[in-house]
Amino acid sequence: MTFKAIIDEIENNLKKILSDISVLEVDFSVEPSKSGFGDVSSNISFLLANQLKKSPKDIAEMISQRYLELPKTLVVRSKPHPSGYVNFLADWEKLNQLILSESILPEFGNVDLGKNSTVVVEHTSVNPNKALHIGHVRNIIIGDTVSRILRKVNYTVNVLNYVDDSGLQVADIIVGFKHLGFEQEPPDGKKFDHYCGDDVYVKTTEKREQDPSIEEIRRMVLKELEDGDSEIVRFRDRITRRVLSDQLETCWNLRVSYDCLNFESQIIRSGLWSRAFKKLKEMDLIKFENEGKNQGCWVIRGEKEENDKVVVRSNGTATYIAKDIPYAAWKLGLLEDPFQYSKYEKEQPCAKTLWQTTLSGGTYSRNFSGEKVITVIDSRQARLQDIVTSLMGKFKSAPDAYVHLGYESVTLSSDTAKTLGLDTDGKQAQMSGRRGLYVSADSVYELLKEKTLKETKTRHPEMSEYEINQIAHNVAVGTIRYEMVKQDLDKIIVFDLDKSLSLEGDTAPYIQYAHARASRILEKAQRAPSIDVDFAMLKEKSELDLVKTIGLFDLNIRDAAKNLSPKVISRYCHDLAVAFNLFYEKSKVLDLGDENLERARLCLVNSFKITIKQALDLLGIDAPERM
RNA sequence: GGACUCGUUGCAUAGCUUGGAUAGUGCGAACGCUUGCGGAGCGUUAGGUCGUCGGUUCGAAUCCGAUCGGGUCCGCCA
């Protein structure tokens, strides 16, 4: 139990009062107070005003009066506010003990929303023909953070990365390699994924747009790639595997990991589509058109006729969305699994086994489906995802089994676009892989790391290269991850190279720094922190605010998990760091000449350190001991 | 044309799901704070008709309706 304990106590007592004065149930709130209004507040009087025909102020006084007579454990007293709120003051000696002793346990913050059920999270899903750019990173970090949060609330999470190795984008670079004479080896030291994206893809596209004969070649290549086994298919597999491998390096470097890689080419060859197609027909969810503009096609009915969506063309081939439907159904475990699985050739840094689908030669039978599926895709795909969601709702007869977690894209500031050679007249610009207009994830990381490296070196001239390198890495990764989740999913991130390099204010380093400060205090203390202390010693406002914020950990986790909202955790981390920095400024811990006070404050510092580390871990951000 | 989404101070954002107290934070600006557990920090000051209009309500940044402005989507492309 944490701060929620006092909330529950108040809620129960207020319910008792309601039944004592025999009024109808009302759905009142009991929440942590805004600063300056006690510790816990309830809006109960506002909701009763109508029924009791009294002013909220009078009701607050009445309730507060009655509350005083009820048994109290964690509440010292109730206090009506002229505005109508009923505020409560906590018994901080008890609450301190409750929260601080709980906070050092490994299960602190655990909330059982998942009941150990399985959920699939799919994210990343980038075409394997280029390096990841900063827009992809938003997808990856949202997906990874949501996965971490869901694990914390007792879901078993299967993380999937859908590798679209059979589309036009891949065909483009194959054309480049096979028909336009691009070397297969990148120039000195360049990562293969960067080479494919920056050079082969961009230049091939450029040439294709100028020369219609290349368009023809691409059509041919695309057709050849559909065959199950040919020289060019093997070549394609070699190239895309190599790009994928480099992309995964980027992800792993950002502390992101997966459970299984799903290859689109295999999904197509597996026959999964025909099973889904059969099911769609059986359930009468699609219709063959005998006339009209979609004559000869199978379509999914929209609410209006112009919203009808073609799934099978009049020539019998399946459209783009027809790949998503069987895959979604597979993720929900609704279709018989055609795949075998094998271990991916490289190990993930987190040591978790990474599996991949295969159609033959796999030796393991695995199950990566889930009762719920969350697909992270940017909101430009919302329309198609809505169709998939509604179909899956009918397949599974549960409307919320399939969730499209959408988010707005990352655009480039006009300044940054200009440095990439595009004058946008002061407007932000959409990134474009085809036009070479993007900022790569690796380059942002490198810039941040370089900057942090310099900073750390001047602060710690005594440190080893290795140690400095580790810190710079953790700060750089933290900064990127934090920037990607700290704001609402449906707000555009305008990425600016200069501004994104800031390490001050509402950033990961600010939070990491608070952790480093706490670590140093504990390191310098002459004794180990203990919870066997006099909790009554902690009574300064800055101390109690810090305890309170620590105690709100589980409530924030619940909120973040329920709403699939990573920013809730990033805000919590920030609030926690602010509370600590205020405490740090106001209350000295060491050399106080008061043993009991020092022990109590050390206990608090230790709880903070453990909690902020756990909270940052949900964001995939490391908490360094020094920086 | 239809649909979705965003609009809060010079800039960037939180709060909106579940309506109530003093709209919180960061950057930028001005001025301060280290013989002190680390200044990637802390404090003070300036800056807000919560796009606009209307409705519901005792009460609206929050709910509803219109409207304006930015962005996105709407193919037998992927």
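Just so we're on the same page: letters track the sequence lines, and every chain starts at 1. Quick note: numbers below take in every heavy atom, side chains included, and nothing from hydrogens, waters or symmetry partners.
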Under 4.0 Å between a side-chain nitrogen and a carboxylate oxygen: does that hold for [X] and [Y]?
| X | Y | answer |
| --- | --- | --- |
| A/Asp58 | A/Lys54 | no |
| A/Glu483 | A/Arg138 | no |
| A/Arg219 | A/Glu216 | yes |

A/Phe46 and A/Tyr85: aromatic ring centres closer than 6.0 Å? yes
Inter-nucleotide [atom1] distance ([N], [M]), Å rounded:
| N | M | atom1 | answer |
| --- | --- | --- | --- |
| B/rG38 | B/rG28 | P | 25 Å |
| B/rC74 | B/rG15 | P | 29 Å |
| B/rA61 | B/rC6 | C1' | 15 Å |
| B/rA23 | B/rG59 | C1' | 16 Å |
| B/rG32 | B/rG69 | C1' | 42 Å |
| B/rU62 | B/rG55 | P | 14 Å |
| B/rU5 | B/rG43 | P | 38 Å |
| B/rA60 | B/rG20 | P | 11 Å |

Here's a test of your reading of the structure: between A/Met627 and A/Ser42, which maps to the more 5' nucleotide of RNA chain B? A/Ser42
Of A/Arg380 and A/Glu504, whose nearest nucleotide on RNA chain B comes first from the 5' end?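 Between the two, 5'-proximity favours A/Glu504.
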[X], nearest nucleotide to its side chain (from [options]):
| X | options | answer |
| --- | --- | --- |
| A/Lys34 | B/rA40, B/rA21, B/rG7 | B/rA21 |
| A/Thr319 | B/rC76, B/rG39, B/rG36 | B/rC76 |
| A/Ile521 | B/rA40, B/rA78, B/rC37 | B/rC37 |
| A/Pro509 | B/rU18, B/rU5, B/rA40 | B/rA40 |
| A/Val475 | B/rG24, B/rA40, B/rA21 | B/rA40 |
| A/Leu168 | B/rC77, B/rG38, B/rG41 | B/rC77 |

Using a 4.0 Å heavy-atom cut-off across all strands, classify [X] as base, sugar-phosphate, or nothing.
| X | answer |
| --- | --- |
| A/Thr456 | base |
| A/Ser565 | nothing |
| A/Arg383 | base |
| A/Phe37 | base |
| A/His460 | base |
| A/Asp27 | nothing |
| A/Lys567 | sugar-phosphate |
| A/Gln295 | base |
| A/Leu503 | base |
| A/Lys524 | sugar-phosphate |
| A/Arg517 | sugar-phosphate |

For B/rU34, does the glycosidic angle fall within 90° of 0 (syn) or outside that (anti)? syn
Between the side chains of [X] and [Y], is a donor N or O closer than 3.5 angstrom to an acceptor N or O?
| X | Y | value |
| --- | --- | --- |
| A/Glu504 | A/Tyr510 | no |
| A/Ser41 | A/Ser33 | yes |
| A/Gln169 | A/Asn127 | yes |
| A/Thr124 | A/Asn161 | no |
| A/Thr549 | A/Asp575 | no |
| A/Arg380 | A/Gln430 | yes |
| A/His473 | A/Tyr445 | yes |
| A/Ser166 | A/Glu264 | yes |

Within this structure, what is the [atom1]-to-[atom2] distance between [X] and [N], rounded to whole angstrom?
| X | N | atom1 | atom2 | answer |
| --- | --- | --- | --- | --- |
| A/Gln430 | B/rG70 | CD | C1' | 12 Å |
| A/Gln487 | B/rU5 | CD | C1' | 14 Å |
| A/Lys499 | B/rG26 | NZ | C1' | 13 Å |
| A/Gln428 | B/rU5 | CD | C1' | 14 Å |
| A/Asp488 | B/rU8 | CG | P | 14 Å |
| A/Phe495 | B/rC11 | CZ | P | 22 Å |
| A/Gln51 | B/rC58 | CD | P | 16 Å |
| A/Arg626 | B/rC37 | CZ | P | 15 Å |

Taking RNA chain B as the partner, which of residues 575-586 of chain A come within under 4.0 angstrom of it by heavy atom?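 Heavy-atom contacts with RNA chain B come from A/Asn581, A/Leu582, A/Tyr584, A/Glu585.
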Regarding B/rA21, can its base be found pairing with the side chain of A/Ser41 as donor and acceptor, where the two atoms are less than 3.5 Å apart?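 Flag set: donor-acceptor pair detected.
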Kindly indicate whether the side chain of A/Ser314 and the base of B/rC76 share any N or O donor-acceptor pair separated by less than 3.5 Å? yes
Whenever both distances are under 3.5 Å in a Watson-Crick or G-U wobble pair, mark it; put RNA chain B into dot-bracket that way, with [ ] for crossing pairs and | when the partner is on another strand. (((((((..((((......[...)))).(((((.......))))).....(((((..]....))))))))))))....
Side-chain N,O ([X]) to OP1/OP2 ([N]) below 4.0 Å:
| X | N | answer |
| --- | --- | --- |
| A/Lys451 | B/rA40 | no |
| A/Arg313 | B/rA78 | yes |
| A/Tyr320 | B/rA78 | no |
| A/Tyr510 | B/rC42 | yes |

Determine if A/Tyr85 stacks with B/rA21; use a centre-to-centre distance below 5.5 Å and an interplanar angle below 30° as the criteria. yes
Is A/Phe46 stacked on the base of B/rG20, with ring centres under 5.5 Å apart and planes under 30° apart?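 So A/Phe46 counts as stacking on the base.
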For the CG atom of A/Asp506 and the CD atom of A/Gln487, what is their distance to the nearest 0.5 Å? 10.0 Å
Of all heavy-atom pairs between A/Ile63 and A/Leu48, which one has the smallest distance, and what is that distance?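 So the two residues come closest at CD1-CD1, 4.0 Å.
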